[in-house]
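Below is one structure; the comments refer to it alone.
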Amino acid sequence: PSLPLLLSSLLHFPLLLHPLYIQNSVESFTTDSLRTKECCPVWEGDGSACGAGSGRGSCEDVKISEQPDGPQYPFSGLDDREKWPLVFYNRTCQCAGNFMGFNCGDCKFGYFGDNCNERRVSLRRNIFHLTRAERNRLISYLNLAKQTISREYVVATGTYREMENGSNPMFADVSVYDVFVWMHYYVSRNALLGGPGNVWRNVDFGHWAPAFPPWHRVYLLHWEHEIRKLTGDMTFSIPYWDWRDAQDCEVCTDELMGARSPQNPNLISPSSVFSSWKVLCSQAEEYSNRGVLCDARNEGPLRRNPGNHNQNIVERLPTSADVEFTLSLPNYDTGAMDRTANMSFRNTLEGFGDPQTGLGSSSRLGMHASLHVFMNGSMSSVQGSANDPIFMLHHAFVDSIYEQWLRRHKPSPSQYPESNAPIGHNGDYHMPPFIPLHRNKEYFISSKDLGYEYSYLLDANQRLAESMRPYLDELHDVWPWLILAVLCGGIVTVAIAIAILLAKHRFKALPRRKSWKNFFALPEKQPLIWNNETEASHHNYQTTM
């Protein structure tokens with residue numbers, strides 16, 4: 001079957017063939033798809049493009065917003081992410097109803113089942129409220145995703161210009177986990193203007209502007225979705241780390257995200273599976289100096305040294321007061337809608353607005369950004385930060401703060417800017433590098449509408465039940481032993497009762513003249529003899545105690 005190229009997160013290709021044919025399918029079909037600029041893959045369910053034969057979707061022209069962008073990026077036609085995804089495709093699958101995906105073979109977020117008609121709300125829990133089995137499952141799922149080469153996607157290692165307009169495809173196989181590492185790199189990378197060192201740094205299609213919360217919301221939803229498909233566990237949900245008022249990296253233990261290595265404080269403990277992880281797309285300065293894209297090669301071990309960061313940039317981890325002040329800001333974004341924005345919820349949440357005054361361009365980073373710097377390793381690079389699995393826990397909590405703000409302020413859709421935001425951030429802009437296509441303003445809505453909820457946003461009774469889950473799980477593990485102990489105690493009690501009854505029966509059978517004293521008296525063969533040695537020994541025992 002022919003299969004067109006797909007750019008789902010940094011130019012991924014959906015390869016719907018058996019994994020043995022992944023390389024062949026890429027070589028055979030990506031050139032044609034790039035040249036025709038049509039990404040309408042066949043849905044294997046009925047053998048039709050976009051599942052059109054089953055009414056799941058159809059191949060349609062991509063419609064691009066023409067609203068003006070802000071002045072932060074003064075170029076046009078130089079970056080592959082401009083007017084996404086037109087550089088690569090001008091026709092993609094448009095899915096109907098509750099269907100979604102590059103070929104309309106998946107369900108929209110929050111829907112399940114073969115026909116995507118089962119509505120379910122998933123619960124994202126505090127990582128410290130997971131049961132032992134759930135914690136183990138989380139670690140094993142992440143490691144499985146890291147070690148499993150993606151069957152559906154490869155990633156681009158060159159620009160469209162370097163691919164000679166599609167005639168020279170440049171792609172690499174990566175793991176399911178690393179697809180998302182590369183995705184985060186690609187959306188935040190510098191713009192390549194041509195030649196070594198010739199880059200534009202003041203651009204980011206997923207940060208520093210209004211799309212920061214919606215883009216990361218979609219990112220986590222796709223990440224969650226791919227882990228579910230990989231494992232077959234449709235109940236899996238990303239947990240969060242509530243870092244308010246934390247004094248250290250509480251999740252940096254070998255039972256969770258990995259402790260610090262005793263041999264090298266910059267590495268992960270050998271007792272953690274994450275110590276064997278290798279990073280990619282983490283050397284932003286090197287790519288800029290060479291004027292190239294990340295080539296998806298192994299760049300060494302995962303690094304982390306929490307707390308040993310530059311104190312002049314980040315003084316401490318965010319407090320509950322910082323979060324509450326951020327939530328109190330009524331305006332989603334303000335002014336130029338970039339890092340200079342004052343009294344902007346988005347800018348303060350992202351960390352460039354002071355969480356005590358709300359003023360932008362803060363000399364110290366707060367909120368979201370402070371966590372990245374505090375981790376002092378792979379997390380500290382914007383482009384390479386997703387290499388660290390803590391990224392997922394961190395951004396799930398950031399997303400929960402975004403969700404709190406939406407519920408508290410109930411903004412109208414017009415609060416999300418339609419125009420003049422930095423490039424990539426207007427309401428109708430398609431989020432690079434996702435295919436299926438997502439517009440920024442479509443995710444300026446409650447998480448409940450997208451099929452998930454956060455445990456600490458439940459009502460009081462439900463929150464209490466959630467916090468008790470790990471303890472009930474521990475009780476569940478030990479209940480057989482408790483039952484055994486009760487049974488043993490019962491047997492002993494019955495034995496004692498029987499002994500007492502037998503004793504009473506024996507006593508009644510004795511002649512009346514015998515007393516209790518005689519009954520319990522032991523025959524004395526020889527009187528006790530006390531001497532000096534015995535007394536001295538007794539005294540020494542007490543003294544020792």
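On a predicted model such as this, the values are computed, not experimentally measured, just so you know. What's counted below: heavy atoms across the whole structure, side chains too, no hydrogens, waters or symmetry copies.
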Checklist entry - With a 4.5 Å limit on heavy-atom distance, are the side chains of L371 and M375 in contact? => result yes

Next on the checklist: Hydrogens and angles aside, do T92 and Q94 bring a side-chain donor and acceptor to less than 3.5 Å of each other?
Outcome noted: yes

Next on the checklist: I'd like to know if the side chain of Q383 pairs up with that of Y287 as donor and acceptor (distance under 3.5 Å, no hydrogens or angles considered).
Outcome noted: no

Checklist entry - Step by step, would you call D399 with Y240 a side-chain hydrogen bond (donor to acceptor under 3.5 Å, both in side chains)? => result CA-CA 9 Å; D399 182 73; Y240 62 87; over 6 Å; no

Item to check | Listed partners of R120 passing salt bridge (Lys or Arg N to Asp or Glu O under 4.0 Å), at least two apart | outcome: none

Item to check | Gap between atom CZ of R119 and atom SG of C107 - 0.5 Å precision | outcome: 11.5 Å

Checklist entry - Should W208 and E350 count as side-chain neighbours, where that means a heavy-atom distance under 4.5 Å? => result yes

Checklist entry - Does any donor atom in the side chain of H395 or H184 lie under 3.5 Å from an acceptor atom in the other side chain? => result no

Checklist entry - Do other residues, nucleotides or ligands put more than 12 heavy atoms under 6.0 Å from R161 CZ? => result no

Checklist entry - Any side-chain donor paired with an acceptor under 3.5 Å for Y141 and D233? => result yes

Checklist entry - Would you say I423 and D79 make side-chain contact, with heavy atoms under 4.5 Å? => result no

Checklist outcome for this item: On a heavy-atom basis, the closest approach of N98 and C116 is ND2-O, 3.0 Å

Next on the checklist: Under a 3.5 Å distance rule, please check whether D449 uses its side chain to pair with a backbone N or O of G110 as donor and acceptor.
Outcome noted: no

Item to check | Polar side chain donor-acceptor pair, D338 to Q72, under 3.5 angstrom | outcome: yes

Item to check | Check: S54/D46 side-chain N/O donor and acceptor closer than 3.5 Å | outcome: yes

Next on the checklist: With a 4.5 Å cut-off on side-chain heavy atoms, are P433 and W84 touching?
Outcome noted: yes

Checklist entry - Are any non-hydrogen side-chain atoms of Q283 and E299 less than 4.5 angstrom apart? => result yes

Checklist outcome for this item: In short, P432 meets W215 closest at the heavy-atom pair O-NE1, 2.8 Å

Next on the checklist: If you count heavy atoms of other groups shown closer than 6.0 angstrom to CG of D114, is the number above 12?
Outcome noted: no

Checklist entry - NZ/K441 to CD/Q415 distance, rounded to the nearest 0.5 angstrom? => result 14.5 Å

Checklist entry - Just checking, R189 and Y185: is the charged tip under 6.0 Å from the six-membered ring centre and within 45° of the axis? => result no

Next on the checklist: Is it true that, when you exclude K448 itself, more than 12 heavy atoms of the residues, nucleotides or ligands shown sit nearer than 6.0 Å to its NZ?
Outcome noted: no

Checklist outcome for this item: The reported gap from CZ in F205 to OH in Y186 (rounded to nearest 0.5 angstrom) is 9.0 Å

Checklist entry - Under 3.5 Å, is there a donor-acceptor pair between the R346 and Y332 side chains? => result no

Item to check | Test item: S380 side-chain N/O and H372 main-chain N/O as donor-acceptor pair under 3.5 Å | outcome: yes

Checklist entry - Are Y219 and Y443 an aromatic pair by the rule of ring centers under 6.0 Å? => result no

Item to check | Donor on one side chain, acceptor on other, N426 and D69, under 3.5 Å | outcome: yes

Checklist entry - Any luck finding a side-chain donor-acceptor pair between E403 and Y452 under 3.5 Å? => result no

Checklist outcome for this item: All heavy atoms of C59 vs all of R91, minimum pair found to be O-NH2, 3.1 Å

Checklist entry - Considering only heavy atoms from C-beta outward, does the side chain of P239 approach that of L138 to under 4.5 Å? => result yes

Checklist entry - Does any non-hydrogen side-chain atom of V323 lie less than 4.5 Å from one of T326? => result no

Checklist entry - Short question: side chain of H309, backbone of V314 - any donor-acceptor pair under 3.5 Å? => result yes

Checklist entry - Does the side chain of D333 pick up a donor-acceptor pair with the side chain of S344 at under 3.5 Å? => result yes

Next on the checklist: Enumerate the disulfide bond (SG atoms under 2.5 Å apart) contacts for residues 64-103, please, sequence neighbours excluded, ordered by first and then second residue.
Outcome noted: C50-C93, C95-C104

Checklist entry - Is the shortest heavy-atom distance from the side chain of F345 to the side chain of H409 under 4.5 Å? => result no

Checklist entry - Are there more than 12 heavy atoms of other residues, nucleotides or ligands under 6.0 Å from atom NZ of K146? => result yes

